[in-house]
Amino acid sequence: MRTQTTLLIAAIATAVGNTDGFKFMSNWQPPKILTDAQKVEIAKTEERFGSKKLVVITGCSSGLGRETVKNLLATDQYHVVGAVRDVDKMEAVAELDGFNMDNFHILECELNSFDSVDKFCQDLKEYQLAKPIDRLICNAGVYQPSLPYAKWSVDGHEQTMQINFLSHFLMISKLMPGMTAAPDPRVIMVGSVTGNDNTVGGGGVYPIADLKNLDGFAAGFNNPIAMADGYGFIGAKAYKDSKLCLMMMSNFLHSKYHRNTGIAFSSIYPGCIAETPLFREKRAWFRKYFPIFMKYITGGYVGVEEAGQRLFQVAHDPRCGKSGVYWSWNGGPREGRGAAALEKGGAISGGGGAGGGWDSIYENDQSDKVNNLELSVKLFQTATEITGAQWPEAKSFVSPCPTLKVIGTISKSMIAREELKRMADRPGFNEDGTPIKLTKRRKAALVADKVASKVLKNTVGRVGRVAGRVLLGEIPETAKQGSFQDEKPLEETVSSPISSFETEATSKMALETNGVITQTINRVDENDKALLEGEIFDQVFANGKKAPLGLVEEREWKVSEPSKEKELSAV
């Protein structure tokens with residue numbers, strides 16, 4: 001007991017002398033009494049996951065997602081949950097690639113349906129037990145550039161936007177609260193150079209990603225509204241717009257939630273995977289010649305294996321725990337493309353080229369459209385309405401100091417009362433200019449507040465005012481007139497001797513240093529003390545009843561034996 005007291009005193013002493021002194025309390029938790037069911041759940045969690053991190057990735061039965069899972073499982077540091085549309089296909093791929101099924105679990109998730117996303121999140125919650133999610137990788141995507149018309153989801157929305165963005169948006173809102181308990185949680189969204197129009201790949205090929213004013217989203221984005229901007233459907237633009245939405249939302253969630261959740265939100269561009277199944281909707285001649293063009297002409301060819309390593313790096317590399325970043329990689333040299341195609345040093349600068357290795361990762365610049373804060377807010381609001389997502393409240397950190405919490409609670413109540421009064425005196429006006437009328441409920445609240453305020457004012461409030469007058473002194477004239485103070489020459493800053501200061505005009509006492517006044521403080525004399533004691537006695541201990549003037553000149557404060565209550569008697 002003595003040791004605990006000593007530690008507590010030392011901690012408080014540190015807090016007093018240091019502005020960060022209360023940070024040691026930030027991780028304090030109340031004692032937890034676990035039920036038998038909770039103990040069983042913890043034991044099952046340990047048996048299932050051990051010390052491995054839990055990763056959730058969408059669209060991992062082929063292409064980029066498939067290669068990423070290979071790399072994650074190869075480290076033996078991750079337990080991966082694959083959210084896929086076709087469970088049978090995923091099982092076949094897992095067997096073909098030799099996945100360790102002790103560390104890999106398959107759950108069905110059809111991103112074409114919000115109900116399916118909701119069910120997936122419920123199934124995942126049951127599967128993860130007490131284990132928080134360490135990584136959420138939003139990878140799944142569909143590209144339908146050749147469609148002359150829009151295809152509609154189960155929910156009546158254009159498929160490309162729902163699968164690529166809206167369903168991931170809903171999934172993040174449901175899974176994010178359960179990620180805060182992880183030591184290094186990350187939400188990773190696979191973006192694209194096509195959604196970032198400050199590059200040749202994103203800004204030089206029509207159609208360009210452009211959400212305009214999001215009129216399509218604002219109108220509900222239901223059939224027949226097929227585009228986020230509300231205009232006519234173009235398959236390639238729908239894909240680019242969805243990637244722009246993902247990158248914008250990564251930045252917005254970083255700004256809104258990173259500070260108080262600790263979750264790192266980032267987007268990536270792993271390079272143009274010319275032979276990915278993403279291009280399965282393209283014509284046969286395009287699928288044949290596009291990889292050749294990217295490999296030998298532009299140098300921007302990135303194999304699916306290398307792209308999978310890059311996505312794995314953002315999930316695994318400690319450097320990638322930074323939030324609000326758009327990750328890209330500088331490409332390495334391109335042999336066999338001719339001298340005219342090689343830049344100085346034989347490297348392809350900027351995101352998109354293959355090669356370069358693990359250390360070629362860098363924080364890529366984002367376009368003005370991606371960084372459009374006002375439009376990002378509207379995107380968040382409209383997507384929330386479309387999907388029905390429910391987001392946690394973004395709360396700021398507060399000091400864990402118990403005293404400050406008590407003061408904050410009192411202040412909150414006081415502020416609420418004062419605001420109630422202000423709204424009663426100045427209720428404001430309706431859109432047509434007529435005054436707003438108070439409701440019966442608000443009138444009743446005002447009456448109740450007036451009664452409570454009068455009681456407080458006549459008791460504790462009065463004591464507080466007297467104590468403030470006595471201990472703090474009168475309000476300085478400079479405070480009443482304003483904070484501006486004329487500067488004086490240095491020689492005038494030396495005040496007059498004490499003898500000239502001792503007058504009837506002030507009740508303050510001077511501190512003397514070498515015969516010159518350097519500072520004044522308020523002195524509480526015996527009369528003031530008696531006045532203060534009298535007020536406290538009358539208001540607190542005598543229920544606000546003052547003794548008749550002249551009848552009680554002195555009071556005696558007595559404390560009885562420890563086993564008895566405190567008593568007060570008047571003499």
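Source: prediction; values computed, not measured.
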Separation of [Y] [atom2] from [X] [atom1] (nearest 0.5 Å):
X: E363; Y: D365; atom1: CD; atom2: CG; result: 9.5 Å
X: K52; Y: D102; atom1: NZ; atom2: CG; result: 8.5 Å
X: E41; Y: E46; atom1: CD; atom2: CD; result: 13.0 Å
X: I268; Y: M247; atom1: CD1; atom2: CE; result: 10.5 Å
X: T387; Y: L170; atom1: OG1; atom2: CG; result: 5.0 Å
X: Q390; Y: E393; atom1: CD; atom2: CD; result: 13.5 Å

Please verify the inter-ring angle class for F169 with F165; under 30° counts as parallel, over 60° as perpendicular, anything in between as tilted. tilted

Give me the ring orientation class for Y127 and H79: parallel if the planes are under 30° apart, tilted from 30 to 60°, perpendicular past 60°. tilted

Can you check whether [Y]'s main-chain N or O pairs, donor with acceptor, with [X]'s side chain at less than 3.5 Å?
X: S113; Y: V154; value: no
X: S255; Y: N251; value: yes
X: T180; Y: P177; value: yes
X: S116; Y: E110; value: yes
X: T160; Y: Y239; value: no
X: E91; Y: D88; value: no

Could you walk me through whether D359 and R319 pass the salt bridge (charged side-chain N to carboxylate O under 4.0 Å, His left out) check? CA-CA 10 Å; D359 291 326; R319 294 174 296 180; 3.1 Å; yes

Over 12 foreign heavy atoms within 6.0 Å of NZ, K212: yes

Atom NZ of K119: over 12 foreign heavy atoms under 6.0 Å: no

For [X] and [Y], which I'm curious about, is there any donor-acceptor pair between the side chains at under 3.5 Å?
X: N164; Y: S242; result: yes
X: T58; Y: H168; result: yes
X: W329; Y: E306; result: no
X: Q122; Y: D118; result: yes

side-chain contact (heavy atoms from CB on, under 4.5 Å) between Y257 and M176: does it pass, once the steps are laid out? CA-CA 10 Å; Y257 289 113; M176 192 182 74; 3.8 Å; yes

Evaluate the side-chain proximity of [Y] to [X]: yes if any heavy-atom separation is below 4.5 Å, no if none is.
X: L211; Y: M248; value: yes
X: L375; Y: L379; value: no
X: K369; Y: I208; value: yes
X: F380; Y: M249; value: yes
X: K53; Y: I133; value: no
X: K89; Y: S62; value: yes
X: V80; Y: I57; value: yes
X: K125; Y: F120; value: no

What are the two closest heavy atoms between [X] and [Y], and how far apart are they?
X: L54; Y: F49; value: CD1-CE2, 3.8 Å
X: N260; Y: A394; value: ND2-C, 3.6 Å
X: S173; Y: A389; value: OG-CB, 3.5 Å
X: F233; Y: L147; value: CE2-O, 3.7 Å
X: M161; Y: A228; value: CE-CB, 4.1 Å
X: K70; Y: F99; value: CG-CE2, 3.8 Å

Walk me through it: do N364 and S328 pass the test side-chain hydrogen bond (donor to acceptor under 3.5 Å, both in side chains)? CA-CA 6 Å; N364 201 349; S328 292; 2.9 Å; yes

Yes or no on side-chain contact (heavy atoms from CB on, under 4.5 Å) for F221 and L166, after CA distance, side-chain angles and deciding distance? CA-CA 11 Å; F221 197 60; L166 290 173; 3.9 Å; yes

Check the pair Q159, S153 against side-chain hydrogen bond (donor to acceptor under 3.5 Å, both in side chains), reporting the backbone distance first and the verdict last. CA-CA 5 Å; Q159 279 189 2; S153 70; over 6 Å; no

Row check, Y269 ring normal vs R310 NZ/CZ: under 6.0 Å, within 45°: no

Determine, stepwise, if the pair D155 / Q162 fulfils side-chain hydrogen bond (donor to acceptor under 3.5 Å, both in side chains). CA-CA 9 Å; D155 304 291; Q162 174 156 344; 2.7 Å; yes

So, using side-chain hydrogen bond (donor to acceptor under 3.5 Å, both in side chains) as the criterion, who are the partners of W358 when residues are at least two apart? D317

Which residues share a side chain to side chain contact (heavy atoms under 4.5 Å, CB included) with K378, sequence neighbours left out: N213, L214, D215, A218, T382

The test is salt bridge (charged side-chain N to carboxylate O under 4.0 Å, His left out); show your working for D229 and K237 and say whether it passes. CA-CA 11 Å; D229 61 7; K237 186 178 188 302; 3.4 Å; yes

Of all residues at least two apart in sequence or in a different chain, which pass the salt bridge (Lys or Arg N to Asp or Glu O under 4.0 Å) check with D115? none

Do the side chains of D184 and R186 get close enough for a salt bridge, i.e. N-O under 4.0 angstrom? yes

After noting the C-alpha distance and the side-chain angles of N139 and T68, does the key distance pass the side-chain contact (heavy atoms from CB on, under 4.5 Å) rule? CA-CA 10 Å; N139 164 71; T68 303; 5.9 Å; no

Please step through side-chain contact (heavy atoms from CB on, under 4.5 Å) for the pair H316 and N71, ending with a clear verdict. CA-CA 10 Å; H316 179 73; N71 287 279; over 6 Å; no

With a 6.0 Å cut-off on the ring centroids, do F114 and H157 count as close? yes

